[in-house]
Amino acid sequence: MATIIVQPGGPRAGKQRVDLTAIAHNRLMLLLILFMVITAVVILRLTWVGIFAGGGRGGDVMSGVPARADIVDRNGVPLARTMDAYSIAVRPSKLISDPADLARKLHEIFPDEPEAAFRKKLTGRGWAYLRRRALPEEVAAVNALGEIGIEFPREKERLYPQRTLAAHILGFAPNADGKGGMGVEAAFNDRLTDPALRGQPFTMSIDSRVQGALESELYAQLVQTRAKGAGGVILDANTGEVIAMASIPVFDPNKLENYAGKTCSESPLCNHMVQARYELGSAFKPLSIGAAMDRGIVTSMSKTYDATAPLAVAGFRIKDDHPLGRWINVPEILVHSSNIGTARIADQMGAEPLQHLFRELHFNDRAPIELNERAGTLWPANWGRITTLTVSYGHGIAVTPLHLASAYAALVNGGLWRPATLRKLKAEEVPEGRRVFSAATSARMRQLLRMIVAAGTGRSADAKGYRVGGKTGSAEKPQEGRYNKTSLVTTFASAFPMDNPRYVVLVTMDEATGQYGLRTAAWTAAPVVKRVVERTGPMLGVLPDERRDVDISDLMPLLHGDKEKE
């Protein structure tokens, strides 16, 4: 019987190999198709979440908002930045845990949030935030709860690393329409969101070191004098740049509360340097006397004016707080802050020169600065004789402290008025300015302002070696149609160094009580200026030098003199 031998690699073996290859190919195709289906499902799911899920995000103020440029101070210190941040949100419809138990656990992670607040969000109908700007460890703790109804979106957040510092100037993060809430964030919104400039930080004029010193001294004085509020401005006298601007009380733009419906006097969001208007009292006197010098009304410092008794005009009596009871000259009018003497000079000058000067200083309009939130002024409707006299010493007209600071810059810098600005200016960007005082009047006023600090009501502002010059102002606040004698707004407007003025420093205190219960600016506002100048002078490149000063030797002999009568 014949034996059949099948050789390896014969026809049957070849058929088997073909079958195995076909099976492997089919399996590979099935895997590929399955992978494609899974990928498609994932893509569709992500698309659905991106298009539809975002619609339920109540309160997501940053959703869809374009990135914003950083804000830095004049030295490059970051004041506002846009960063990726964690948030924690919930979809109540997908919760698998008991809302009450989950609320308790969330409260343990975030003890500053009431358990009831979490329970309300967990039982609500729509998508809701549980936490904005959550820390990574907080996200990890919530994720460990294993709740599929809780999500962790990453979002753009506007952060303010210096917290309350310069908050009133900076403002706060954009709202739903992508515009800043107030301050620089609102005023320069187009610049901050410009795609071409988004990578370049916006440089402000303020110096964060000086800003910190000003805020610190204002707060210390507010506490010490039990004041209702406080504020201050530091301006570059020759450019108009705002080096610092502060308003107390403050707020933290990272943690905004609900201030809706509150008036400026009640809300910490109110920047009292530009949003509150005051009758600033005797701080107006140098401006009025400067106008009289330029109009040829005051031609000699030795000329005297009758201050022997109150000045009676149209049924009103203009009095001095500390009457000298004699004829006094121009330096004495300012050094002793005489209402009577200033009013007599204004009476000779008439209404037109004062109106013209005050219009040139924008006292009839909102303060020229980039901020949107600026108060209008109270401009007298009738410039009769009595109005002219009272306005000359700061009553009957109300402006913001920034108005006065800009006016003092013009008074001491040679006579040129420039608008205040929050932008750091290059040399070629500094405005030429508009002349409002003659150079000769400005030079004389530097002497007179220095005399007020050296020998008058501003002595408590005399920072040794810094040659400070300035004027006090104490004004009664109007209440129910009349002035309240115990409710004062006190101001000290100054500049330094007076031999070559570089910076204007203005401080305002609202209802402060100084040492021994004294309420005037000499006791409440002027001491703050002294401390601010001593702290910030070296930061600004002004070092104390007691060998230098304004030459006031020709004016000092006139104090307590009794020269030719009017």
Heavy-atom donor-acceptor pair, R277 side chain to G376 backbone, under 3.5 Å = yes
message = Quick test of your reading of the model: are D499 and R548 salt-bridged, counting only N-O distances below 4.0 Å?
response = yes
inquiry  = Just to verify, what does E217 make a salt bridge (charged side-chain N to carboxylate O under 4.0 Å, His left out) with, not counting sequence neighbours?
reply    = R531, R535
key: Sub-4.5 Å side-chain heavy-atom contact between V77 and V72   = no
ask   = Heavy-atom distance under 4.5 Å between the side chains of L361 and H403, does that happen here?
value = no
request  = Without swapping roles, check the side chain of R467 against the backbone of G465 for a donor-acceptor pair under 3.5 Å.
outcome  = yes
Side-chain donor/acceptor pairs under 3.5 Å, residues 427-436, sequence neighbours excluded:
| from | atom 1 | to | atom 2 | distance (Å) |
| --- | --- | --- | --- | --- |
| E429 | OE1 | K426 | N | 2.8 |
| R434 | NE | E360 | OE1 | 3.0 |
| R434 | NH2 | E360 | O | 2.4 |
| R435 | NH1 | G414 | O | 2.7 |
| R435 | NH1 | F437 | O | 2.8 |

ask   = For P99, does its backbone N or O pair with a side-chain atom of R119 as donor and acceptor, under 3.5 Å?
value = no
task = Just jot down the salt bridge (charged side-chain N to carboxylate O under 4.0 Å, His left out) partners of R418, sequence neighbours excluded, or say none.
result = none
query = Is any side-chain heavy atom of L218 less than 4.5 Å from a side-chain heavy atom of L214?
reply = yes
key: Residue pair R450, D549: steps toward the salt bridge (Lys or Arg N to Asp or Glu O under 4.0 Å) verdict   = CA-CA 9 Å; R450 180 67 183 127; D549 211 332; 2.9 Å; yes
4.5 Å side-chain heavy-atom contact, E147 and L102 = yes
inquiry  = Measuring only between side-chain heavy atoms, which start at C-beta, is M245 closer than 4.5 Å to I369?
reply    = yes
request  = Specify the closest pair of heavy atoms between M509 and T524, including all atoms of both residues, with the distance to one decimal.
outcome  = CG-O, 3.7 Å
message = Determine whether a donor-acceptor pair (N or O, by modelled atom type, separation under 3.5 Å) exists between the side chain of S216 and the backbone of G212.
response = no
Side chain to side chain contact (heavy atoms under 4.5 Å, CB included) evaluation trace for T400 with Q275 = CA-CA 7 Å; T400 69; Q275 287 180 268; over 6 Å; no
query = Taking only residues two or more places apart in sequence, or in another chain, which ones meet E108 in a salt bridge (charged side-chain N to carboxylate O under 4.0 Å, His left out)?
reply = R104
key: S442 side-chain N/O to L411 backbone N/O, donor-acceptor pair under 3.5 Å   = yes
key: Check: Y86 ring centroid to F152 ring centroid under 6.0 Å   = no
task = Look at E185 together with R158 and state whether they make a salt bridge at an N to O cut-off of under 4.0 Å.
result = yes
query = Are Y278 and H272 an aromatic pair by the rule of ring centers under 6.0 Å?
reply = no
message = Keeping R81 on the side-chain end and P78 on the backbone end, is there a donor-acceptor pair under 3.5 Å?
response = no
inquiry  = With a 3.5 Å distance limit and no angle check, can you tell me whether H107 reaches the backbone of F118 through a side-chain donor-acceptor pair?
reply    = no
query = Between K105 and D101, is the closest basic N to carboxylate O distance under 4.0 Å?
reply = yes
request  = Taking the side chain as every heavy atom from C-beta outward, state whether L449 and Y408 have any pair of such atoms under 4.5 Å apart.
outcome  = yes
key: Minimum side-chain heavy-atom gap T472-T490 below 4.5 Å   = no
request  = Evaluate the ring planes of F172 and F251, with Trp represented by its six-membered ring, and classify them as parallel (under 30°), tilted (30 to 60°) or perpendicular (over 60°).
outcome  = perpendicular
ask   = Using the benzene-type ring in the case of Trp, are the ring centres of F358 and F284 under 6.0 Å apart?
value = yes
query = Between S205 and L425, does a side chain to side chain contact (heavy atoms under 4.5 Å, CB included) hold up when you go through it step by step?
reply = CA-CA 7 Å; S205 59; L425 301 179; over 6 Å; no
note = Residue set satisfying salt bridge (charged side-chain N to carboxylate O under 4.0 Å, His left out) with R366, at least two apart, ordered chain then number -> none
request  = Could you tell me whether K464 and E534 have a side-chain N and a carboxylate O separated by less than 4.0 Å?
outcome  = no
task = Could you tell me whether the side chains of E370 and T421 share a donor-acceptor contact shorter than 3.5 Å?
result = yes
key: M539 atom CE, over 12 foreign heavy atoms within 6.0 Å   = yes
ask   = Would E215 and L165 satisfy side chain to side chain contact (heavy atoms under 4.5 Å, CB included), going step by step from the backbone distance to the final call?
value = CA-CA 8 Å; E215 291 185 12; L165 185 76; 3.9 Å; yes
query = Okay, side chain of R446, backbone of V412: is any donor-acceptor separation there less than 3.5 Å?
reply = yes
query = Would a distance-only check, ignoring hydrogens and angles, find a side-chain to backbone donor-acceptor pair under 3.5 Å from N254 to Y160?
reply = yes
ask   = Would you find a donor on one side and an acceptor on the other, under 3.5 Å apart, between the side chain of E373 and the backbone of N271?
value = no
request  = Only pairs at least two apart or in different chains count here, so list each side-chain hydrogen bond (donor to acceptor under 3.5 Å, both in side chains) that has a residue in residues 223-235.
outcome  = none
request  = Classify the angle between the aromatic ring planes of H362 and W417 as parallel (below 30°), tilted (30 to 60°) or perpendicular (above 60°).
outcome  = parallel
key: Side-chain heavy-atom pair L287, L404 within 4.5 angstrom cut-off   = yes
inquiry  = Among K424, R502, R74, exactly one meets salt bridge (Lys or Arg N to Asp or Glu O under 4.0 Å) together with E241. Which residue is that?
reply    = R74
